[in-house]
Amino acid sequence: MTTITEPSGSDSTGAFKLSMLLNDTRYRALTFQFIALVAIIAAMAFIGGNLVRNLAEAGLNISYDFLGTQAGYDINQQPIPFESTDTHGRAAIVGLMNTLIVAFLACVSATVIGVIAGVLRLSPNWLVRKIMSFYVEIFRNVPVLIWILIIFSVLINATPSPRDFRGENPAASMWFFDSFAITNRGMYMPKPEFGPGAWFVVLAFVASIIGIFALRRYARNELFDKGRVVPILWPSVALFFVPVILVQLIMGSPISLEYPALKGFNFQGGMGLRGSLIALWFALAIYTGAFIAENVRAGILAVSKGQTEAAGALGMRPGRIMSLVVLPQALRVIIPPLISQYLNITKNSSLAIAVGYMDLTGTLGGITLLQTGRAIEAVLMLMMFYLIISLGISFFMNIYNNAMKLKER
Amino acid sequence: MKKSVFFGALTVAGLMAGASAAATLDDVKARGSLNCGVTTGVPGFAEPDADGVWKGFDVAVCRAVAAAVLGDGSAVTFVPTTGKTRFTALASGEIDMLARNTTWTFSRDVDLKFEFVGVNYYDGQGFMVPAELGVSSATELDGATVCIQTGTTTELNLADFFRSNGMSYEPVPIETGAEAVQQFTAGACDVYTTDRSALAAQRANFDTPSDYVVLPEIVSKEPLGPLVRHGDNEWGDIVRWTLNALITAEELGVTAANAGDIAGSSNNPEVKRLLGAEGSLGEMLGLDAEWAKRAIMVEGNYGEVFENNIGEGTQIALPRGVNAKWTDGGLIYSPPFR
Ligand SMILES: N[C@@H](CCC(=O)N[C@@H](CS)C(=O)NCC(=O)O)C(=O)O
């Protein structure tokens with residue numbers, strides 16, 4: 001094509017020629033984007049069409065009917081009751097809940113570990129600083145699967161098996177007045193049993209929590225308005241325990257504890273945390289905690305030193321400088337990478353099968369997929385579930401991020 | 001893991017048409033080696049020895065097929081598969097056949113679309129417990145923690161067994177046999193359950209086998225055999241009749257040592273047909289006349305393979321039991337070579 005846009009002449013203003021799509025910088029970018037889009041759609045259509053055709057030729061079809069058929073297998077950790085006669089669909093839900101449980105636990109503990117380690121990495125104390133950088137380096141640089149396996153095997157080899165608790169002179173014994181047991185199957189602890197009248201105690205507990213928040217708000221207002229420091233730590237502790245214990249005693253102990261006891265092969269009753277959950281949770285938390293520690297350190301370093309010095313000049317103590325001046329500003333730097341760490345935890349939790357934890361990948365993407373042979377369907381569903389969880393996490397963390405963002409007034 | 005399943009699934013979809021339409025025999029010949037799926041390691045059944053050479057009862061079937069097709073029992077590429085990966089590997093064409101103590105079931109045959117070519121070991125699911133537990137029957141296992149391999153029939157039988165006996169249990173799903181054994185011996189579970197042949201094989205490898213007992217109950221039927229994909233019947237025939245050749249050879253007294261010359265001296269027509277001295281069975285299979293002779297000469301007939309790998313003379317010491325040849329009252333039986 002020979003035409004080159006000429007600024008003069010009869011057809012000058014606004015007249016559009018086809019060649020402008022390529023030659024005019026105003027349109028060129030759009031043209032290329034359009035071509036790329038068409039190419040991507042064509043490639044997708046080709047792959048998709050190929051898939052459908054090959055499946056049809058192999059006599060396979062895409063069908064989700066298997067979700068309604070009997071699963072036939074059992075699941076160890078059941079947030080909702082599950083039996084082998086239930087459906088594959090329900091097994092997937094149980095797996096999903098198990099994924100969410102371990103992801104939630106690991107996200108919370110990784111954050112706590114990460115913040116502590118990140119702050120301590122900047123500690124003026126040489127030893128503390130070195131220990132923390134040792135922690136960060138060693139956990140960050142070994143794959144998480146290896147950590148899961150190491151922690152799990154330490155757990156099963158270093159703890160006694162349930163049968164060691166048996167007999168006249170047992171090799172192992174329970175802790176805290178026979179209420180806790182740590183075995184190579186997991187941790188067993190007392191479970192609260194809610195008798196009649198228990199809701200008074202629960203009410204008292206809720207009221208205490210509200211009271212603690214009210215106290216903190218009051219203390220803050222006093223501080224900001226009158227410059228008076230109101231003690232909050234000990235009153236909070238008292239508020240937390242005293243009313244609940246009082247109501248519990250007055251009502252004649254409506255909440256009782258069910259203790260775990262050795263029955264048959266294992267501890268029964270009480271509350272149990274499986275070794276697989278503990279190992280997975282702990283490994284994910286401590287591994288991701290190392291990354292979060294680095295984010296926290298970066299966030300703190302991003303707050304200019306002048307802030308710390310100014311706060312110091314006002315006579316604030318170092319702990320308060322950190323929690324009142326530095327960390328709130330550092331959060332703006334810390335939160336965005338924190339979101340991706342939470343996403344990593346969720347995705348890494350799919351390594352659960354290494355320790356026999358029945359998460360979504362273990363049920364839907366594992367046993368269901370294998371027993372029904374519905375690989376494509378199961379994997380598509382699996383991808384969809386993880387996508388939804390990840391988008392959900394991003395959504396809520398972005399809300400939090402916006403709340404924390406620098407607000408220009 | 002998630003990724004590999006996904007890509008596996010894509011490959012299934014992508015290669016299925018190609019794999020099932022094309023003749024596997026031609027592929028194997030062109031490649032010059034047989035891709036055979038085996039376990040990741042079960043002593044006596046399939047395990048690399050100290051020199052890295054795969055040995056075992058299931059491995060022998062792969063070698064016999066390679067000898068029949070390619071003339072060389074060592075022209076095999078062994079692909080270790082777990083309970084989880086084996087079917088994807090076969091369906092996608094990554095392996096030409098699977099010889100991995102796999103149970104022949106209705107749904108695997110019909111729904112997963114595989115062709116079981118026969119049975120080389122009639123087995124059943126059993127339970128193993130540490131002797132110090134003092135358990136003498138599987139019906140005493142209420143409340144036990146049980147180690148199982150995922151993706152197996154074992155998992156389903158276990159659920160059925162406990163449910164029908166009104167007992168509860170805590171399943172610990174594990175991916176490979178080796179990990180299962182490791183967890184079991186470390187005491188992470190009270191019971192280990194799988195096919196009884198594998199229990200015996202793995203127990204023989206424990207530091208102190210006598211610390212563990214296999215309970216008497218057999219809770220399922222597990223006919224284990226080699227399998228291929230649906231849709232390539234010629235290839236299925238080759239694998240099927242290679243296995244049958246080993247079984248027939250035992251019946252006829254053809255061994256690794258005498259297969260080379262017995263065709264000349266014997267006056268049994270079936271021996272002559274089997275070894276290619278008479279008739280044209282090899283040709284019908286698309287192979288040469290001496291295919292079966294080569295298959296037998298690799299590791300011997302079925303009986304020899306059994307005795308040398310898992311028989312009473314070995315550490316694993318499995319009795320022939322129901323796996324004796326039919327003339328001795330067992331179930332091992334081959335249709336006639338004619
Ligand atoms: N026969 C059953 C179970 C087969 C199976 O997985 N057996 C275990 C016994 S240990 C095995 O071979 N494991 C070896 C491995 O994981 O590679 C089936 O086909 O589902």
Side-chain angles (χ1 to χ4, degrees), chain A residues 47 50-60 71-76 83-85 149 152-153 155-157 160-164 184-185 263-266 268 274-276 347 350-351 353-358 361-362 365-367 369-373 375-380 382-383 386, chain B residues 1-2 5-6 8-10 12-21 83-84 86-88 91 107-108 111-113 130 132-133 135 140-145 147-148 150-153 155-156 158-160 162-163 168-175 179 182-183 186-191 230-231:
Chain A
I47 293 173
N50 221 10
L51 180 82
V52 171
R53 194 175 55 247
N54 283 347
L55 282 176
E57 248 171 69
L60 298 172
Y73 61 91
D74 285 296
I75 298 179
N76 43 25
E83 291 197 8
S84 57
T85 42
L149 293 174
F152 187 62
S153 68
L155 213 69
I156 60 176
N157 286 303
S161 76
R163 59 174 175 274
D164 290 340
N184 59 1
R185 310 287 155 78
K263 275 201 204 89
F265 285 93
N266 206 343
Q268 312 268 324
R274 275 177 189 72
S276 53
K347 288 179 286 176
S350 65
L351 295 168
I353 185 65
V355 291
Y357 182 80
M358 297 294 274
T361 314
I367 307 179
L369 185 156
L370 290 159
Q371 302 293 4
T372 61
I376 293 171
E377 292 90 335
V379 171
L380 284 178
L382 209 56
M383 288 164 68
Y386 279 105
Chain B
M1 199 183 312
K2 208 173 73 205
V5 176
F6 177 61
L10 277 190
V12 180
L15 294 179
M16 198 63 134
S20 57
K84 272 184 99 158
R86 54 181 160 175
F87 296 128
T88 326
S107 60
R108 287 173 179 176
D111 194 29
L112 298 188
K113 306 210 184 309
E132 58 166 327
L133 273 188
V135 174
E140 297 165 23
L141 292 179
D142 194 9
T145 306
C147 279
I148 29 164
T150 50
T152 58
T153 48
E155 212 161 33
L156 307 179
L158 182 69
D160 286 353
F162 275 81
R163 183 157 53 90
S168 67
Y169 71 105
E170 162 102 17
V172 179
I174 296 167
E175 197 156 354
E179 283 174 83
Q182 202 189 332
Q183 293 211 18
C189 36
D190 304 304
V191 189
H230 256 190

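Numbers restart at 1 for each chain; the letters A, B, ... are given by sequence-line order, proteins then strands. Here the structure is a predicted model, which is why all the values come from computation and not from measurement.
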Run the numbers on B/T150 and A/Y73 for side-chain hydrogen bond (donor to acceptor under 3.5 Å, both in side chains), then give the verdict.
CA-CA 10 Å; B/T150 50; A/Y73 61 91; over 6 Å; no
What part of A/Y357 gets closer than 4.5 Å to chain B, counting heavy atoms only: side chain, backbone, both or neither?
neither
Heavy-atom contact with chain B under 4.5 Å, split by part of A/S276:
neither
Can you tell me how far apart CG (B/L158) and OG1 (B/T152) are? Round to the nearest 0.5 Å.
9.0 Å
Heavy-atom distances under 4.5 Å only: say whether B/C189 touches chain A with side chain, backbone, both or neither.
backbone
Taking side chain as everything from C-beta outward and backbone as N, CA, C, O, which of these in B/E132 sits under 4.5 Å from a heavy atom of chain A? Side chain, backbone, both or neither.
side chain
For B/F87, which residues count as a ring-ring contact (aromatic ring centres under 6.0 Å, His included) partner, sequence neighbours excluded?
B/F114
Would you say B/T153 and B/R108 make side-chain contact, with heavy atoms under 4.5 Å?
yes
Picking from B/I174, B/D160, B/V172, B/L141, which has the most non-hydrogen pairs under 4.5 angstrom with chain A?
B/L141
What part of A/N157 gets within 4.5 angstrom of chain B, counting heavy atoms only: side chain, backbone, both, or neither?
side chain
Do A/N184 and A/P160 have side chains that get closer than 4.5 Å, going by heavy atoms?
no
Residues A/R185 and B/E170 bridged, charged N to O under 4.0 Å
no
With a 4.5 Å heavy-atom cut-off, do A/I47 and A/L51 have their side chains touching?
no
My understanding is that only residues two or more places apart in sequence, or in another chain, count here; which of them pass side chain to side chain contact (heavy atoms under 4.5 Å, CB included) with A/L370?
B/K84
Tell me, for A/I75 versus chain B, whether the close heavy atoms (under 4.5 Å) come from the side chain, the backbone, both or neither.
backbone
Most contacts with chain A, counted as non-hydrogen pairs under 4.5 angstrom, among B/A186, B/G143, B/A188, B/G151
B/A188
Please state whether the side chain, the backbone, both or neither of B/Y169 comes within less than 4.5 Å of a heavy atom of chain A.
side chain
Between A/L155, A/V355, A/I156, A/D74, the one whose heavy-atom pairs under 4.5 Å with chain B are most numerous:
A/D74
Segment of A/A71 engaging chain B (4.5 angstrom heavy-atom cut-off):
backbone
